[in-house]
There are 2 protein chains.
Amino acid sequence: MIGKKIKIVLADDEELFRKGIYFLLQREPNIEVIFEAANGNQLMDFLKNNSKHPDIILMDLKMPLLNGVEATKLIAQQFPEIKIIALTSYNTKSFIVNMIEVGASSFLVKNSTPQEMILTINEVINKGFYYNESVMKVLTEVNSSSSQKSILFKQEELTTREREVLELICSQHSTAEIAERLFISPRTVETHRTTLLIKTGSQNIAGLVVYAIQNKIVII
Amino acid sequence: MIGKKIKIVLADDEELFRKGIYFLLQREPNIEVIFEAANGNQLMDFLKNNSKHPDIILMDLKMPLLNGVEATKLIAQQFPEIKIIALTSYNTKSFIVNMIEVGASSFLVKNSTPQEMILTINEVINKGFYYNESVMKVLTEVNSSSSQKSILFKQEELTTREREVLELICSQHSTAEIAERLFISPRTVETHRTTLLIKTGSQNIAGLVVYAIQNKIVII
DNA sequence: AATGGACTACGTATAACTACCTATTTTTAA
DNA sequence: TTAAAAATAGGTAGTTATACGTAGTCCATT
């Protein structure tokens with residue numbers, strides 16, 4: 001990487017945060033921010049329409065339209081050479097496991113110092129990945145626990161419609177309300193609910209909501 | 001304010017965000033950041049122990065230990081000469097109304113541009129307050145609506161028993177199961193459920209689960 | 001042309017939850 | 001020690017969710 005700047009794309013819905021990070025990174029001579037995206041769709045558009053790709057994407061998880069988890073999944077498939085550093089406010093177990101599973105190369109809580117961020121970027125460039133202590137701790141915990149099923153056996157994917165219904169359930173809408181909003185029969189919504197319960201392995205609404213939040217289908 | 005720098009304190013639990021804003025503000029010749037706090041307690045300690053007070057506090061709402069709303073309330077009482085600009089990710093009605101009620105002079109979503117932030121700071125210094133268009137819109141909506149109760153009266157705290165029931169609800173237990181586990185009548189559990197719905201302002205289980213997760217009553 | 005997945009929809013039940021009441025006992029705090 | 005809050009329990013009724021079936025249509029891929 002000598003004599004060649006690390007190209008970075010920032011993906012975060014908060015402009016103030018993006019600009020802040022931009023000025024932080026601007027002070028680094030070997031780093032160049034080539035694009036800023038406010039959501040996953042903007043990011044995907046940029047990657048598709050520009051031949052100049054970044055080395056690293058600093059990706060916030062909580063973004064409108066297309067969130068960070070989904071965007072990471074897509075990018076890991078379509079542009080595997082791009083390394084992704086997941087940014088989030090909290091480093092909960094489900095966050096970390098999710099992001100690593102979909103292809104994130106590193107994980108950075110927003111409460112990190114600028115030094116840690118620079119270190120992470122450089123480590124990812126040099127080694128291809130970088131997990132700090134707390135992330136490693138979570139990962140070893142997960143691997144040594146018996147609750148591996150949930151993460152090792154990949155969950156059945158929800159369909160688009162099922163996700164829509166799930167989102168509305170999480171917004172406290174009843175079956176009738178969901179049906180009205182989606183212009184479909186309440187019976188159809190019931191079918192979707194049944195499928196959701198089966199696919200997510202839930203007993204009732206509570207399980208659905210927890211699943212939706214853990215899997216970032218709804219962001220709270 | 002000619003020849004005198006505007007003294008600012010940053011209060012936000014995310015160090016990356018703080019540092020970013022710091023560098024953004026550093027480029028302004030008439031602005032000086034005199035302190036950074038990671039939570040409300042640090043902020044209050046600084047104000048109590050330093051004679052040099054800020055003109056403005058940029059206050060994030062979501063902070064550990066002592067959050068932005070509570071901190072704002074305290075500061076508005078104890079140091080009324082300090083102007084507070086509330087920072088948040090979303091400009092929901094409840095956020096805005098809460099912050100204005102406890103004494104915030106302005107309101108800035110994190111998705112604002114740096115220019116808007118600078119403008120807001122200068123307006124607050126010159127006029128004492130500044131509400132942008134979207135905030136004004138929300139405020140007029142609120143004043144003209146009759147649903148003021150729910151936002152003017154702050155929510156009641158949950159009791160220990162209610163929290164226990166809420167946790168079990170989030171674990172997908174039914175009323176009967178909860179009753180059995182707590183050695184109480186199902187009717188009592190129902191009473192607790194009713195109270196939970198009222199206190200949390202929820203319509204159904206989904207709302208309860210979201211509330212529980214947001215308020216860290218259950219950790220996922 | 002056929003297969004399979006997604007989306008749609010319904011029948012018939014039962015289980016579970018929510019609304020709106022009252023009311024007693026126990027615990028806590030003024 | 002007295003009032004307030006919390007925890008307990010019930011009546012009655014209505015609404016909503018879940019279980020377990022079946023089945024047609026659309027659409028993309030084979």
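Below, chain A is the first sequence line, B the second, and so on; all start at residue 1. Reckoned from all heavy atoms, side chains included, excluding hydrogens, waters and symmetry mates.
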With a 4.0 Å heavy-atom cut-off, tell me which residues in residues 161-194 of chain A come close to DNA chain D, sorted by residue number.
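Ser174(A), Thr175(A), Glu190(A), Arg193(A), in order of number.
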
Atom pair distance, as rounded to whole Å: CG in Leu158(B) and P in dA7(D):
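Answer to the nearest Å: 10 Å.
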
Does the structure place the NZ or CZ of Lys110(B) under 6.0 Å from the centre of the six-membered ring of Phe17(A), at an angle of no more than 45° from the ring's axis?
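Judged by the rule, Lys110(B) and Phe17(A) form no cation-pi pair.
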
What's the separation between atom [atom1] in [X] and atom [atom2] in [Y], rounded to the nearest 0.5 Å?
X	Y	atom1	atom2	result
Ile85(B)	Thr72(B)	CD1	OG1	11.5 Å
Leu25(A)	Ile8(A)	CG	CD1	5.0 Å
Asn39(B)	Gln42(B)	CG	CD	4.5 Å
Thr159(A)	Arg161(A)	OG1	CZ	9.0 Å
Ile178(B)	Thr188(B)	CD1	OG1	12.0 Å

For the pair Phe46(A) and Phe35(A), name the ring-plane relationship: parallel under 30°, tilted 30 to 60°, perpendicular over 60°.
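Geometry flag for Phe35(A) against Phe46(A): parallel rings.
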
So, do Leu58(A) and Ile21(A) sit near enough that their side-chain heavy atoms are less than 4.5 Å apart?
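Result yes, sub-4.5 Å side-chain heavy-atom pair found.
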
Would you indicate whether Tyr22(A), at its atom OH, is surrounded by more than 12 heavy atoms from other residues, nucleotides or ligands within a distance under 6.0 Å?
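Atom OH in Tyr22(A) is not packed in, count stays at 12 or less.
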
Would you say that more than 12 heavy atoms from the other residues, nucleotides or ligands in this model lie under 6.0 Å from the CD of Glu167(B), or not?
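Yes, because the 6.0 Å sphere around CD of Glu167(B) holds more than 12 heavy atoms from other groups.
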
For the helix from dA1(C)-dT30(D) to dA30(C)-dT1(D), how many degrees between its two end axes (five pairs per end), to the nearest 10°?
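Roughly 60° between the end axes, to the nearest 10°.
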
Taking any atom under 4.0 angstrom from a heavy atom of chain B, which nucleotides of DNA chain C are the first and last to qualify, 5' to 3'?
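Listed 5' to 3', the contact boundaries are dC17(C) to dA19(C).
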
